[in-house]
Amino acid sequence: MWNNRVYFLWVFVIFAILLSSYFFPRTRDEFYYLPTDNSPNAILEFYQSYFFVNPRLGQFFSNLIGRNLWLKPIFNLSLFLVYMTVTYLFLYRKLPKINNNSDVFRLFIIAGGFIFLINYFGEMFYYVPFNTNYTLSHVFYLLYVFLIVEYYIYDKNYLDQKKILYFLIFICSFFMGWFNEHVPPVLVGISILLAASYIFKNKKIPDLKLLSLIIPITIGYCILFFAPANKLKFKGAKVENLGFQMSTYFQHFVDIAKLYFYYNKELCITFVFCFVVLIYNFKFVQKEIRNTVFLLILISIMVLLVVAYSPLQGTRLLFFSNSLIIIICGIITKELLLKNLIFKKNLISIISIFICLFFAFSIAITYVANRNYNKTMLEITNKSKKNKNVILDNSFEYASKIPFNRRILLDSGRDYIDNNPKENTSVEQILLNFFGLKSISKK
(Lines give C-alpha, C1' and ligand atoms only; values in the text may rest on other atoms or scores of the structure.)
Protein backbone atom coordinates (compact mmCIF):
# COMPACT_ATOMS: atom_id res chain seq x y z
CA MET A 1 0.00 0.00 0.00
CA TRP A 2 2.74 2.47 0.98
CA ASN A 3 4.77 2.54 -2.22
CA ASN A 4 6.16 5.13 -4.60
CA ARG A 5 2.94 5.35 -6.61
CA VAL A 6 1.67 7.94 -4.13
CA TYR A 7 4.30 10.40 -5.38
CA PHE A 8 2.88 10.16 -8.90
CA LEU A 9 -0.58 10.84 -7.46
CA TRP A 10 0.74 13.93 -5.72
CA VAL A 11 2.43 15.14 -8.92
CA PHE A 12 -0.95 14.90 -10.65
CA VAL A 13 -2.69 16.82 -7.83
CA ILE A 14 -0.04 19.55 -7.87
CA PHE A 15 -0.24 19.83 -11.65
CA ALA A 16 -4.06 19.98 -11.49
CA ILE A 17 -4.08 22.74 -8.86
CA LEU A 18 -1.62 24.85 -10.84
CA LEU A 19 -3.65 24.46 -14.04
CA SER A 20 -7.00 24.99 -12.32
CA SER A 21 -5.71 28.12 -10.58
CA TYR A 22 -4.41 29.47 -13.88
CA PHE A 23 -7.70 28.79 -15.68
CA PHE A 24 -9.99 29.77 -12.80
CA PRO A 25 -12.14 32.51 -14.38
CA ARG A 26 -12.29 36.06 -13.12
CA THR A 27 -15.23 36.11 -10.72
CA ARG A 28 -16.94 38.73 -8.59
CA ASP A 29 -14.34 40.95 -6.84
CA GLU A 30 -11.53 39.67 -9.06
CA PHE A 31 -12.83 41.94 -11.84
CA TYR A 32 -11.30 44.71 -9.77
CA TYR A 33 -7.94 43.27 -10.80
CA LEU A 34 -8.40 43.60 -14.55
CA PRO A 35 -4.92 44.35 -15.96
CA THR A 36 -4.04 47.99 -16.56
CA ASP A 37 -0.88 49.84 -17.51
CA ASN A 38 -0.79 51.63 -14.16
CA SER A 39 -1.21 49.08 -11.39
CA PRO A 40 -1.38 50.82 -7.98
CA ASN A 41 1.31 50.44 -5.36
CA ALA A 42 0.32 47.48 -3.13
CA ILE A 43 1.19 49.22 0.15
CA LEU A 44 -0.54 52.48 -0.78
CA GLU A 45 -3.55 50.57 -2.04
CA PHE A 46 -3.87 48.67 1.24
CA TYR A 47 -3.56 51.94 3.16
CA GLN A 48 -6.54 53.28 1.20
CA SER A 49 -8.38 50.00 1.59
CA TYR A 50 -7.99 50.19 5.39
CA PHE A 51 -9.88 53.47 5.42
CA PHE A 52 -12.43 52.98 2.66
CA VAL A 53 -12.81 49.35 1.45
CA ASN A 54 -11.59 46.34 3.41
CA PRO A 55 -9.32 46.75 6.46
CA ARG A 56 -8.40 43.05 6.80
CA LEU A 57 -4.70 42.32 6.45
CA GLY A 58 -5.51 39.63 3.89
CA GLN A 59 -6.64 42.35 1.49
CA PHE A 60 -3.00 43.34 1.01
CA PHE A 61 -2.22 39.84 -0.28
CA SER A 62 -5.41 39.80 -2.32
CA ASN A 63 -4.39 42.97 -4.15
CA LEU A 64 -0.87 41.68 -4.64
CA ILE A 65 -1.73 38.17 -5.88
CA GLY A 66 -4.93 39.05 -7.72
CA ARG A 67 -2.99 41.14 -10.25
CA ASN A 68 -0.33 38.54 -10.97
CA LEU A 69 -1.40 35.74 -13.30
CA TRP A 70 1.70 33.66 -12.51
CA LEU A 71 1.89 34.28 -8.77
CA LYS A 72 -1.72 33.19 -8.25
CA PRO A 73 -1.24 29.46 -9.11
CA ILE A 74 1.93 29.25 -7.01
CA PHE A 75 0.24 30.90 -4.03
CA ASN A 76 -2.87 28.71 -4.33
CA LEU A 77 -0.80 25.54 -4.49
CA SER A 78 1.37 26.58 -1.54
CA LEU A 79 -1.69 27.47 0.52
CA PHE A 80 -3.31 24.11 -0.20
CA LEU A 81 -0.19 22.13 0.72
CA VAL A 82 0.33 24.11 3.93
CA TYR A 83 -3.33 23.74 4.92
CA MET A 84 -3.23 19.97 4.43
CA THR A 85 0.05 19.81 6.36
CA VAL A 86 -1.49 21.65 9.32
CA THR A 87 -4.43 19.22 9.23
CA TYR A 88 -1.92 16.34 9.25
CA LEU A 89 -0.20 17.98 12.23
CA PHE A 90 -3.43 17.87 14.24
CA LEU A 91 -4.06 14.21 13.42
CA TYR A 92 -0.55 12.84 13.98
CA ARG A 93 0.99 15.54 16.20
CA LYS A 94 4.03 15.72 13.94
CA LEU A 95 4.91 17.10 10.53
CA PRO A 96 4.91 14.71 7.55
CA LYS A 97 8.27 13.77 6.06
CA ILE A 98 8.42 14.02 2.29
CA ASN A 99 10.83 11.05 2.07
CA ASN A 100 8.48 8.83 4.08
CA ASN A 101 6.00 6.97 1.87
CA SER A 102 3.57 6.39 4.74
CA ASP A 103 3.49 10.08 5.68
CA VAL A 104 3.03 11.18 2.08
CA PHE A 105 0.20 8.70 1.51
CA ARG A 106 -1.53 9.72 4.75
CA LEU A 107 -1.31 13.35 3.62
CA PHE A 108 -2.90 12.34 0.30
CA ILE A 109 -5.79 10.61 2.09
CA ILE A 110 -6.28 13.61 4.39
CA ALA A 111 -6.45 15.91 1.36
CA GLY A 112 -9.05 13.68 -0.27
CA GLY A 113 -11.20 13.54 2.85
CA PHE A 114 -10.90 17.30 3.34
CA ILE A 115 -11.92 18.10 -0.24
CA PHE A 116 -14.89 15.74 -0.08
CA LEU A 117 -16.21 17.14 3.19
CA ILE A 118 -15.63 20.87 2.62
CA ASN A 119 -17.75 20.80 -0.59
CA TYR A 120 -16.81 24.34 -1.75
CA PHE A 121 -13.11 23.83 -2.36
CA GLY A 122 -12.81 26.21 -5.31
CA GLU A 123 -13.93 29.37 -3.58
CA MET A 124 -11.60 28.81 -0.60
CA PHE A 125 -8.47 27.75 -2.50
CA TYR A 126 -8.82 29.14 -6.07
CA TYR A 127 -10.72 32.40 -5.56
CA VAL A 128 -8.10 34.95 -4.44
CA PRO A 129 -10.24 37.39 -2.35
CA PHE A 130 -11.42 34.46 -0.21
CA ASN A 131 -8.23 32.42 0.06
CA THR A 132 -6.23 35.50 1.11
CA ASN A 133 -8.83 36.96 3.48
CA TYR A 134 -9.95 33.66 5.01
CA THR A 135 -8.00 30.50 4.13
CA LEU A 136 -4.59 32.11 4.66
CA SER A 137 -5.57 33.46 8.08
CA HIS A 138 -6.94 30.07 9.13
CA VAL A 139 -3.50 28.51 8.76
CA PHE A 140 -2.27 30.74 11.59
CA TYR A 141 -5.44 30.23 13.64
CA LEU A 142 -5.18 26.44 13.38
CA LEU A 143 -1.52 26.54 14.39
CA TYR A 144 -2.43 28.63 17.44
CA VAL A 145 -5.17 26.14 18.38
CA PHE A 146 -2.61 23.35 17.97
CA LEU A 147 -0.25 25.13 20.39
CA ILE A 148 -2.89 25.42 23.11
CA VAL A 149 -4.07 21.84 22.56
CA GLU A 150 -0.50 20.58 22.94
CA TYR A 151 0.09 22.66 26.06
CA TYR A 152 -3.16 22.26 27.96
CA ILE A 153 -4.02 18.68 26.93
CA TYR A 154 -0.70 16.97 26.13
CA ASP A 155 1.47 19.08 28.47
CA LYS A 156 3.93 19.89 25.67
CA ASN A 157 5.19 23.46 25.35
CA TYR A 158 6.65 24.27 21.92
CA LEU A 159 7.48 27.84 22.97
CA ASP A 160 10.12 26.60 25.41
CA GLN A 161 12.23 25.07 22.66
CA LYS A 162 13.63 28.12 20.86
CA LYS A 163 13.55 31.83 21.61
CA ILE A 164 13.35 32.75 17.92
CA LEU A 165 10.23 30.60 17.59
CA TYR A 166 8.48 32.56 20.34
CA PHE A 167 9.45 35.87 18.75
CA LEU A 168 8.04 34.82 15.36
CA ILE A 169 4.83 33.50 16.90
CA PHE A 170 4.44 36.71 18.91
CA ILE A 171 4.68 38.80 15.71
CA CYS A 172 2.37 36.43 13.83
CA SER A 173 -0.16 36.72 16.68
CA PHE A 174 -0.43 40.44 16.00
CA PHE A 175 -1.18 39.72 12.35
CA MET A 176 -3.65 37.00 13.40
CA GLY A 177 -5.78 39.57 15.17
CA TRP A 178 -5.76 41.80 12.09
CA PHE A 179 -6.67 39.03 9.65
CA ASN A 180 -10.32 38.37 10.50
CA GLU A 181 -13.22 39.59 12.66
CA HIS A 182 -14.73 36.24 13.58
CA VAL A 183 -11.99 33.98 14.96
CA PRO A 184 -9.58 36.10 17.09
CA PRO A 185 -12.19 36.90 19.83
CA VAL A 186 -12.74 33.17 20.23
CA LEU A 187 -9.00 32.44 20.40
CA VAL A 188 -8.60 35.07 23.12
CA GLY A 189 -11.68 33.85 24.98
CA ILE A 190 -10.73 30.18 24.87
CA SER A 191 -7.16 31.02 25.93
CA ILE A 192 -8.48 32.82 29.02
CA LEU A 193 -10.85 29.95 29.84
CA LEU A 194 -8.09 27.34 29.51
CA ALA A 195 -5.70 29.46 31.58
CA ALA A 196 -8.31 29.86 34.33
CA SER A 197 -8.98 26.11 34.31
CA TYR A 198 -5.24 25.41 34.44
CA ILE A 199 -4.78 27.74 37.43
CA PHE A 200 -7.74 26.19 39.27
CA LYS A 201 -6.46 22.65 38.64
CA ASN A 202 -2.70 23.09 39.10
CA LYS A 203 -2.60 26.05 41.48
CA LYS A 204 -0.08 27.84 39.27
CA ILE A 205 -0.02 30.20 36.28
CA PRO A 206 0.39 28.71 32.78
CA ASP A 207 3.49 29.45 30.72
CA LEU A 208 3.70 33.23 30.40
CA LYS A 209 5.02 33.00 26.83
CA LEU A 210 1.86 31.23 25.71
CA LEU A 211 -0.39 33.43 27.80
CA SER A 212 1.26 36.63 26.51
CA LEU A 213 0.16 35.83 22.92
CA ILE A 214 -3.27 37.12 23.90
CA ILE A 215 -1.87 40.66 23.91
CA PRO A 216 -0.74 40.96 20.24
CA ILE A 217 -3.88 39.14 19.06
CA THR A 218 -6.03 41.66 20.92
CA ILE A 219 -4.05 44.65 19.63
CA GLY A 220 -4.24 43.39 16.05
CA TYR A 221 -7.97 42.77 16.43
CA CYS A 222 -8.59 46.29 17.72
CA ILE A 223 -6.75 47.71 14.69
CA LEU A 224 -9.11 45.71 12.48
CA PHE A 225 -12.37 46.13 14.40
CA PHE A 226 -12.14 49.90 14.79
CA ALA A 227 -10.89 50.54 11.25
CA PRO A 228 -12.73 53.35 9.40
CA ALA A 229 -13.61 50.97 6.55
CA ASN A 230 -15.63 48.77 8.91
CA LYS A 231 -18.08 51.59 9.55
CA LEU A 232 -18.57 51.92 5.81
CA LYS A 233 -19.07 48.15 5.50
CA PHE A 234 -21.79 48.18 8.16
CA LYS A 235 -23.41 51.14 6.43
CA GLY A 236 -23.29 49.33 3.09
CA ALA A 237 -24.96 46.30 4.68
CA LYS A 238 -27.62 48.67 6.09
CA VAL A 239 -27.03 47.73 9.71
CA GLU A 240 -26.02 49.79 12.72
CA ASN A 241 -22.34 49.69 13.65
CA LEU A 242 -21.97 47.72 16.93
CA GLY A 243 -25.75 47.34 16.98
CA PHE A 244 -27.45 44.15 18.18
CA GLN A 245 -30.94 42.77 17.73
CA MET A 246 -31.91 39.36 19.06
CA SER A 247 -34.34 38.75 16.19
CA THR A 248 -31.62 39.44 13.60
CA TYR A 249 -29.13 37.31 15.54
CA PHE A 250 -31.61 34.41 15.60
CA GLN A 251 -32.31 34.82 11.89
CA HIS A 252 -28.60 34.55 11.16
CA PHE A 253 -28.54 31.19 12.95
CA VAL A 254 -31.32 30.08 10.64
CA ASP A 255 -29.23 31.28 7.69
CA ILE A 256 -26.21 29.35 9.00
CA ALA A 257 -28.33 26.21 9.35
CA LYS A 258 -29.47 26.62 5.73
CA LEU A 259 -25.88 26.97 4.57
CA TYR A 260 -24.99 23.73 6.31
CA PHE A 261 -28.04 22.01 4.80
CA TYR A 262 -27.36 23.14 1.24
CA TYR A 263 -23.55 23.07 1.17
CA ASN A 264 -22.30 20.75 3.91
CA LYS A 265 -24.60 17.74 4.10
CA GLU A 266 -21.66 15.34 3.77
CA LEU A 267 -19.81 17.08 6.60
CA CYS A 268 -22.82 17.08 8.92
CA ILE A 269 -23.58 13.39 8.29
CA THR A 270 -19.92 12.39 8.73
CA PHE A 271 -19.59 14.39 11.94
CA VAL A 272 -22.74 12.88 13.49
CA PHE A 273 -21.55 9.39 12.52
CA CYS A 274 -18.06 9.95 13.96
CA PHE A 275 -19.44 11.51 17.14
CA VAL A 276 -21.77 8.54 17.71
CA VAL A 277 -18.79 6.20 17.20
CA LEU A 278 -16.81 8.22 19.77
CA ILE A 279 -19.59 8.11 22.36
CA TYR A 280 -20.12 4.38 21.79
CA ASN A 281 -16.40 3.71 22.35
CA PHE A 282 -15.97 6.46 24.95
CA LYS A 283 -14.35 4.28 27.60
CA PHE A 284 -11.78 2.88 25.18
CA VAL A 285 -10.59 6.27 23.86
CA GLN A 286 -7.60 8.00 25.46
CA LYS A 287 -8.46 10.89 27.74
CA GLU A 288 -6.30 13.27 25.67
CA ILE A 289 -8.16 12.36 22.48
CA ARG A 290 -11.55 12.93 24.12
CA ASN A 291 -10.45 16.28 25.55
CA THR A 292 -9.06 17.38 22.18
CA VAL A 293 -12.29 16.51 20.38
CA PHE A 294 -14.49 18.33 22.88
CA LEU A 295 -12.21 21.39 22.93
CA LEU A 296 -12.30 21.64 19.13
CA ILE A 297 -16.10 21.27 19.17
CA LEU A 298 -16.30 24.09 21.73
CA ILE A 299 -14.08 26.38 19.64
CA SER A 300 -16.08 25.58 16.51
CA ILE A 301 -19.38 26.46 18.22
CA MET A 302 -17.95 29.64 19.73
CA VAL A 303 -16.81 30.82 16.29
CA LEU A 304 -20.31 30.22 14.90
CA LEU A 305 -21.74 32.30 17.75
CA VAL A 306 -19.53 35.19 16.62
CA VAL A 307 -20.26 34.58 12.92
CA ALA A 308 -23.99 34.92 13.62
CA TYR A 309 -23.34 38.54 14.61
CA SER A 310 -21.96 39.32 11.13
CA PRO A 311 -24.40 41.35 8.98
CA LEU A 312 -23.64 39.13 5.97
CA GLN A 313 -23.52 35.33 5.99
CA GLY A 314 -21.72 32.97 3.62
CA THR A 315 -19.89 29.67 3.37
CA ARG A 316 -16.55 31.45 3.74
CA LEU A 317 -17.47 32.46 7.31
CA LEU A 318 -18.08 28.82 8.22
CA PHE A 319 -14.75 27.62 6.85
CA PHE A 320 -12.79 27.77 10.11
CA SER A 321 -15.46 25.91 12.08
CA ASN A 322 -15.77 23.39 9.26
CA SER A 323 -12.00 22.87 9.21
CA LEU A 324 -12.11 22.04 12.92
CA ILE A 325 -15.04 19.67 12.36
CA ILE A 326 -13.08 17.90 9.60
CA ILE A 327 -10.10 17.59 11.94
CA ILE A 328 -12.41 16.12 14.59
CA CYS A 329 -13.75 13.58 12.09
CA GLY A 330 -10.16 12.79 11.09
CA ILE A 331 -9.06 12.21 14.68
CA ILE A 332 -11.99 9.88 15.41
CA THR A 333 -11.52 8.03 12.10
CA LYS A 334 -7.80 7.58 12.77
CA GLU A 335 -8.25 6.44 16.37
CA LEU A 336 -11.30 4.18 15.96
CA LEU A 337 -12.44 3.44 12.41
CA LEU A 338 -9.10 2.83 10.67
CA LYS A 339 -8.21 0.13 13.16
CA ASN A 340 -10.65 -2.04 11.24
CA LEU A 341 -8.54 -3.36 8.32
CA ILE A 342 -11.48 -3.94 5.94
CA PHE A 343 -12.88 -0.48 6.60
CA LYS A 344 -9.39 1.01 6.18
CA LYS A 345 -8.81 -0.53 2.74
CA ASN A 346 -12.25 0.47 1.44
CA LEU A 347 -12.01 4.04 2.73
CA ILE A 348 -8.53 4.58 1.30
CA SER A 349 -9.56 3.20 -2.10
CA ILE A 350 -12.68 5.38 -2.26
CA ILE A 351 -10.82 8.56 -1.26
CA SER A 352 -7.97 7.89 -3.72
CA ILE A 353 -10.41 7.45 -6.61
CA PHE A 354 -12.39 10.52 -5.53
CA ILE A 355 -9.41 12.88 -5.36
CA CYS A 356 -8.11 11.79 -8.77
CA LEU A 357 -11.54 12.30 -10.38
CA PHE A 358 -12.05 15.58 -8.54
CA PHE A 359 -8.88 17.20 -9.83
CA ALA A 360 -9.33 15.83 -13.33
CA PHE A 361 -12.76 17.47 -13.44
CA SER A 362 -11.30 20.58 -11.79
CA ILE A 363 -9.04 21.14 -14.79
CA ALA A 364 -11.93 20.62 -17.22
CA ILE A 365 -14.34 22.89 -15.30
CA THR A 366 -11.93 25.80 -14.96
CA TYR A 367 -10.75 25.46 -18.57
CA VAL A 368 -14.31 25.62 -19.95
CA ALA A 369 -15.19 28.53 -17.64
CA ASN A 370 -12.05 30.42 -18.62
CA ARG A 371 -12.78 29.88 -22.31
CA ASN A 372 -16.26 31.32 -21.85
CA TYR A 373 -14.85 34.26 -19.87
CA ASN A 374 -12.41 35.08 -22.68
CA LYS A 375 -15.19 34.74 -25.24
CA THR A 376 -17.36 37.31 -23.44
CA MET A 377 -14.45 39.70 -22.84
CA LEU A 378 -13.54 39.48 -26.53
CA GLU A 379 -17.12 40.30 -27.49
CA ILE A 380 -17.06 43.36 -25.22
CA THR A 381 -13.71 44.45 -26.69
CA ASN A 382 -14.91 44.16 -30.28
CA LYS A 383 -18.26 45.88 -29.72
CA SER A 384 -16.73 48.67 -27.60
CA LYS A 385 -14.65 49.74 -30.62
CA LYS A 386 -17.84 50.43 -32.59
CA ASN A 387 -20.26 51.62 -29.93
CA LYS A 388 -19.95 52.90 -26.37
CA ASN A 389 -23.33 51.37 -25.54
CA VAL A 390 -22.59 47.67 -25.64
CA ILE A 391 -25.32 45.04 -25.81
CA LEU A 392 -24.05 41.47 -25.43
CA ASP A 393 -25.64 38.31 -26.71
CA ASN A 394 -25.16 36.73 -23.26
CA SER A 395 -23.61 37.46 -19.90
CA PHE A 396 -20.66 35.49 -18.58
CA GLU A 397 -21.43 31.77 -18.36
CA TYR A 398 -19.10 29.73 -16.18
CA ALA A 399 -21.30 26.84 -15.10
CA SER A 400 -21.19 23.54 -16.98
CA LYS A 401 -22.62 20.05 -16.62
CA ILE A 402 -19.22 18.64 -15.69
CA PRO A 403 -19.34 16.80 -12.30
CA PHE A 404 -18.22 18.76 -9.20
CA ASN A 405 -19.03 22.08 -10.90
CA ARG A 406 -20.34 23.71 -7.69
CA ARG A 407 -17.40 22.44 -5.67
CA ILE A 408 -15.03 24.31 -8.00
CA LEU A 409 -16.73 27.50 -9.17
CA LEU A 410 -17.77 30.37 -6.93
CA ASP A 411 -20.43 31.77 -9.29
CA SER A 412 -22.10 30.93 -12.58
CA GLY A 413 -21.45 34.50 -13.81
CA ARG A 414 -24.93 34.82 -15.33
CA ASP A 415 -25.98 37.75 -13.14
CA TYR A 416 -22.80 39.79 -13.68
CA ILE A 417 -24.41 41.58 -16.63
CA ASP A 418 -28.18 42.14 -16.72
CA ASN A 419 -30.56 43.41 -19.41
CA ASN A 420 -31.01 46.84 -17.82
CA PRO A 421 -28.51 49.36 -19.26
CA LYS A 422 -29.58 52.08 -16.80
CA GLU A 423 -28.71 50.24 -13.61
CA ASN A 424 -25.27 48.72 -13.15
CA THR A 425 -24.12 45.72 -11.16
CA SER A 426 -20.70 45.98 -9.48
CA VAL A 427 -19.12 43.99 -12.33
CA GLU A 428 -20.85 46.16 -14.95
CA GLN A 429 -19.50 49.31 -13.31
CA ILE A 430 -15.95 47.94 -13.39
CA LEU A 431 -16.34 46.97 -17.06
CA LEU A 432 -17.71 50.43 -17.91
CA ASN A 433 -14.65 52.06 -16.41
CA PHE A 434 -12.21 49.53 -17.87
CA PHE A 435 -13.51 49.75 -21.46
CA GLY A 436 -14.61 53.41 -21.29
CA LEU A 437 -18.27 52.58 -22.03
CA LYS A 438 -21.48 54.51 -21.45
CA SER A 439 -23.60 51.42 -20.82
CA ILE A 440 -23.41 47.64 -20.96
CA SER A 441 -26.21 45.08 -20.92
CA LYS A 442 -27.28 41.78 -22.45
CA LYS A 443 -30.15 41.04 -24.81
Side-chain angles (χ1 to χ4, degrees), residues 13 17 79-93 95-96 105-126 130-131 134-146 149 180 182-183 186-187 256 259-278 289-304 307 314-338 343-344 347-348 350-352 354-355 358-359 404 406-408:
V13 170
I17 291 175
L79 184 61
F80 170 75
L81 294 176
V82 169
Y83 213 91
M84 294 306 105
T85 301
V86 173
T87 306
Y88 181 101
L89 182 63
F90 264 95
L91 269 56
Y92 292 95
R93 299 182 58 228
L95 291 173
F105 198 88
R106 290 189 187 112
L107 191 62
F108 184 79
I109 298 303
I110 289 170
F114 189 98
I115 292 167
F116 174 74
L117 293 176
I118 202 61
N119 200 35
Y120 42 90
F121 177 85
E123 60 191 82
M124 301 312 301
F125 287 93
Y126 292 159
F130 282 3
N131 67 21
Y134 296 94
T135 311
L136 176 62
S137 67
H138 295 356
V139 171
F140 296 95
Y141 297 151
L142 288 174
L143 287 173
Y144 181 83
V145 173
F146 177 77
V149 166
N180 193 278
H182 312 103
V183 183
V186 174
L187 298 183
I256 290 172
L259 288 172
Y260 272 106
F261 178 78
Y262 287 112
Y263 296 106
N264 286 115
K265 291 188 185 75
E266 300 91 342
L267 179 60
C268 294
I269 293 171
T270 303
F271 172 72
V272 171
F273 173 74
C274 289
F275 190 75
V276 170
V277 170
L278 175 67
I289 297 297
R290 298 200 302 261
N291 291 343
T292 299
V293 167
F294 287 115
L295 177 59
L296 296 185
I297 290 175
L298 176 61
I299 296 173
S300 177
I301 292 173
M302 289 175 68
V303 171
L304 292 179
V307 167
T315 51
R316 64 194 183 279
L317 302 185
L318 309 181
F319 188 55
F320 183 74
S321 291
N322 290 350
S323 295
L324 291 180
I325 294 173
I326 291 172
I327 289 171
I328 292 167
C329 293
I331 291 174
I332 296 173
T333 300
K334 168 182 169 290
E335 294 298 324
L336 297 173
L337 298 178
L338 289 186
F343 184 86
K344 181 177 181 179
L347 182 62
I348 289 176
I350 291 171
I351 290 179
S352 298
F354 169 78
I355 196 170
F358 176 85
F359 280 111
F404 303 134
R406 177 59 188 88
R407 288 175 178 264
I408 299 297

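Closest non-hydrogen pair, G113 versus I351, comes out as N-CG2, 3.8 Å. The shortest heavy-atom contact between L79 and L136 is CD1-CA, 3.8 Å. Pairing each heavy atom of L259 with each of L318, the nearest pair is CB-CD1, 3.8 Å. Across all non-hydrogen atoms, the minimal contact from V86 to V139 is CG2-CG1, 4.2 Å. Among all heavy-atom pairs drawn from H182 and V307, the shortest one is CB-CG2, 4.0 Å. For the residue pair I17 and F80, the shortest heavy atom distance occurs at CD1-CD2, 3.3 Å.
Applying the salt bridge (Lys or Arg N to Asp or Glu O under 4.0 Å) rule to R316 yields no partners; only residues at least two apart in sequence or on another chain are considered.
Y144 OH: more than 12 foreign heavy atoms inside a 6.0 Å radius. Environment of CZ in F294: crowded, with over 12 heavy atoms of neighbouring residues, nucleotides or ligands closer than 6.0 Å.
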Test side chain to side chain contact (heavy atoms under 4.5 Å, CB included) applied to L91 and T333, step by step: CA-CA 10 Å; L91 269 56; T333 300; over 6 Å; no

Check against side-chain hydrogen bond (donor to acceptor under 3.5 Å, both in side chains), Y141 and S323: CA-CA 11 Å; Y141 297 151; S323 295; over 6 Å; no

Residues I355, F116; criterion side chain to side chain contact (heavy atoms under 4.5 Å, CB included); working and verdict: CA-CA 8 Å; I355 196 170; F116 174 74; over 6 Å; no

CA sep, side-chain torsions, deciding dist, call: Y120, N322, side-chain hydrogen bond (donor to acceptor under 3.5 Å, both in side chains): CA-CA 11 Å; Y120 42 90; N322 290 350; 2.8 Å; yes

F319/Y134 under ring pair (Phe, Tyr, Trp, His ring centres under 6.0 Å): CA gap, chis, key distance, verdict: CA-CA 8 Å; F319 188 55; Y134 296 94; 8.8 Å; no

Worked verdict on F108 versus V13 for side chain to side chain contact (heavy atoms under 4.5 Å, CB included): CA-CA 9 Å; F108 184 79; V13 170; 3.8 Å; yes

Criterion side chain to side chain contact (heavy atoms under 4.5 Å, CB included) on F261 and C268, from CA distance to verdict: CA-CA 8 Å; F261 178 78; C268 294; over 6 Å; no

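The CD1 atom of I269 sits 11.5 Å away from atom SG of C329, with the distance rounded to the nearest 0.5 Å. Taking NE2 of H138 as the start and CG of L143 as the end, the distance is 13.0 Å to the nearest 0.5 Å. The line from CG of N131 to OG of S137 is 10.5 Å long, rounded to the nearest 0.5 Å. To the nearest 0.5 Å, atoms CZ (F271) and CG (L324) are separated by 10.5 Å. The structure places OH of Y88 at 7.0 Å from CD1 of I110, a figure rounded to the nearest 0.5 Å. T270 OG1 to N264 CG: the interatomic distance, rounded to the nearest 0.5 Å, is 10.0 Å.
The aromatic rings of F404 and F358 sit tilted relative to each other, their planes meeting at an angle between 30° and 60°. The aromatic rings of F121 and F125 sit parallel, their planes meeting at an angle under 30°, below the 60° perpendicular limit.
The shortest side-chain heavy-atom distance between F354 and I115 falls under the 4.5 Å cut-off. Looking at F90 and L296, their side chains come closer than 4.5 Å, going by heavy atoms from C-beta outward. When side chains are defined from C-beta on, R407 counts as touching N119, because their heavy atoms get closer than 4.5 Å.
Remark: R106 is positioned above the aromatic ring of Y92, its terminal NZ or CZ atom under 6.0 angstrom from the ring centre and at most 45 degrees off the axis.
Under the side-chain contact (heavy atoms from CB on, under 4.5 Å) test applied with S300, the options L295, I325, I327 reduce to a single match, I325.
Counting only residues at least two apart or in different chains, salt bridge (charged side-chain N to carboxylate O under 4.0 Å, His left out) contacts with residues 108-123 comprise E123-R406.
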